[in-house]
Amino acid sequence: EEVAQPSDLISTNGTGSEPICDNRDFISRPSYGQIAAQASLAEDLVITRLASERRTQFARNVSPVAMPSIMFDAVAKDGNNQIIVEVKYTRGGFISIRNMDSAKSTFTSYYNSLSDVTKRGTLFILAIVCDGDAEDNASRIEVKCSSIISEWNIPVQIRVYRMSELKKVI
């Protein structure tokens with residue numbers, strides 16, 4: 001039985017997707033930590049972009065006082081008007097049904113707890129950041145997600161961003 005040699009193993013530095021050494025059976029992949037760091041950067045860039053566009057400041061990672069079990073990525077509030085942002089990150093070109101259902105459940109439960117006056121001034125933004133191979137599918141993702149949220153019965157907008165475009169502002 002052959003023993004794996006160091007030259008047969010996958011690089012764990014996540015520097016790319018090209019095979020290493022002479023072995024064509026494996027590709028290098030980013031670690032979960034590296035993906036999480038990119039997702040966090042995506043969230044920061046989207047919220048910075050929205051703050052600039054809307055000329056407002058967002059509080060980050062906040063929960064409604066009456067609903068501490070839920071958390072929003074960002075909230076901007078001015079009297080009865082509020083913008084609530086949830087950011088999703090994809091490298092593969094899709095957002096899972098579970099992630100969409102989770103966002104819907106969170107948004108809907110919070111929205112249903114509001115007074116009618118506050119409901120009228122509330123906007124949810126579901127921002128999706130496409131990175132890597134997913135950037136080529138940004139338009140398809142936007143169409144698919146827009147179709148899904150059209151059935152949510154709450155005021156929600158889909159914003160799809162390409163990570164490469166967001167990074168140009170840095």
Side-chain H-bond candidate by donor/acceptor type, Gln34 with Ser31, under 3.5 Å: yes

Correct closest heavy-atom pair for Ile149 and Gln157 would be CD1-C, 4.2 Å

Side chain proximity check, Ile35 to Arg91, heavy atoms < 4.5 angstrom: yes

In terms of ring plane angle, is the pair Phe124 and Phe72 parallel, tilted or perpendicular, where the classes change at 30° and 60°? tilted

Measure from the side-chain N and O atoms of Ser109 to the backbone N and O of Ser105, and report whether any donor-acceptor pair falls under 3.5 Å. yes

Answer yes or no: is there a side-chain heavy-atom contact under 4.5 Å between Val75 and Ile83? no

Using the rule given for side chain to side chain contact (heavy atoms under 4.5 Å, CB included), can you reason through Thr56 versus Asp78, listing the C-alpha separation, both sets of side-chain angles and the distance that settles it, and then say yes or no? CA-CA 9 Å; Thr56 191; Asp78 179 19; over 6 Å; no

For residues Val160 and Cys130, determine if any side-chain heavy atom of one lies less than 4.5 Å from a side-chain heavy atom of the other. yes

Residue pairs passing the side-chain hydrogen bond (donor to acceptor under 3.5 Å, both in side chains) test where at least one lies in residues 38-55, sequence neighbours excluded: Gln38-Asp131, Glu43-Arg60, Asp44-Arg60, Glu53-Arg159

Could you check whether atom NZ of Lys144 has more than 12 heavy atoms from other residues, nucleotides or ligands sitting under 6.0 Å from it? no

Rounded at 0.5 Å granularity, tell me how far CD1 in Ile84 sits from OG1 in Thr122. 5.5 Å

Distance from Leu114 atom CG to Ile154 atom CD1, nearest 0.5 Å? 10.5 Å

Same apolar cluster: Ile47 and Ile128, side chain cutoff 4.5 Å: no

Would a single hydrophobic cluster contain both Ile70 and Leu123, if residues Ile, Leu, Val, Met, Phe, Trp and Tyr are joined by side-chain heavy-atom contacts under 4.5 Å? no

Please examine the side chains of Tyr111 and Asn153, heavy atoms only from C-beta on, and report whether any two atoms are closer than 4.5 Å. no

Common cluster, Ile158/Val46, ILVMFWY with side-chain heavy-atom separation under 4.5 Å: no

Could you pull out the closest heavy-atom pair between Asp73 and Val87, with the gap in Å? OD2-N, 2.7 Å

List in chain and number order the residues that pass salt bridge (Lys or Arg N to Asp or Glu O under 4.0 Å) with Glu165, two or more places apart in sequence or in another chain; answer none if no residue qualifies. Lys168

Do the side chains of Tyr110 and Met100 join up, straight or via other hydrophobic residues, at under 4.5 Å, putting them in one cluster? yes

Measuring from Leu126:CG to Lys104:NZ, what's the distance to the nearest 0.5 Å? 13.0 Å

Atom pair OG/NZ of Ser164 and Lys167 - distance to nearest 0.5 Å: 8.5 Å

Following the transitive rule for hydrophobic clusters with a side-chain heavy-atom cut-off under 4.5 Å over Ile, Leu, Val, Met, Phe, Trp and Tyr, establish whether Ile95 and Met163 coincide in one cluster. no

Heavy-atom closest pair, residues Ala127 and Tyr161: CB-CE1, 4.0 Å

Rounded to the nearest 0.5 Å, what separation is found between the CD1 atom of Ile141 and the CZ atom of Arg162? 9.0 Å

Crowding at CG, Asn81 (>12 non-hydrogen neighbours, <6.0 Å): yes

If I compare all heavy atoms of Pro68 with all of Ser63, which pair ends up nearest, and what's the gap? O-OG, 3.7 Å

Is there a donor-acceptor contact under 3.5 Å linking the side chains of Ser115 and Thr118? yes

Indicate the atoms forming the closest heavy-atom contact of Ser113 with Met67, along with that distance. OG-SD, 3.8 Å

Less than 4.5 Å apart, side chain to side chain, heavy atoms only: is that true for Val156 and Phe107? yes

Which pair of heavy atoms, one from Gly93 and one from Arg140, lies closest together, and at what distance? O-NH2, 2.7 Å

Determine whether a donor-acceptor pair (N or O, by modelled atom type, separation under 3.5 Å) exists between the side chain of Lys119 and the backbone of Gly121. no

Separation between OG1 of Thr90 and CG of Asn99, rounded to the nearest 0.5 Å: 9.5 Å

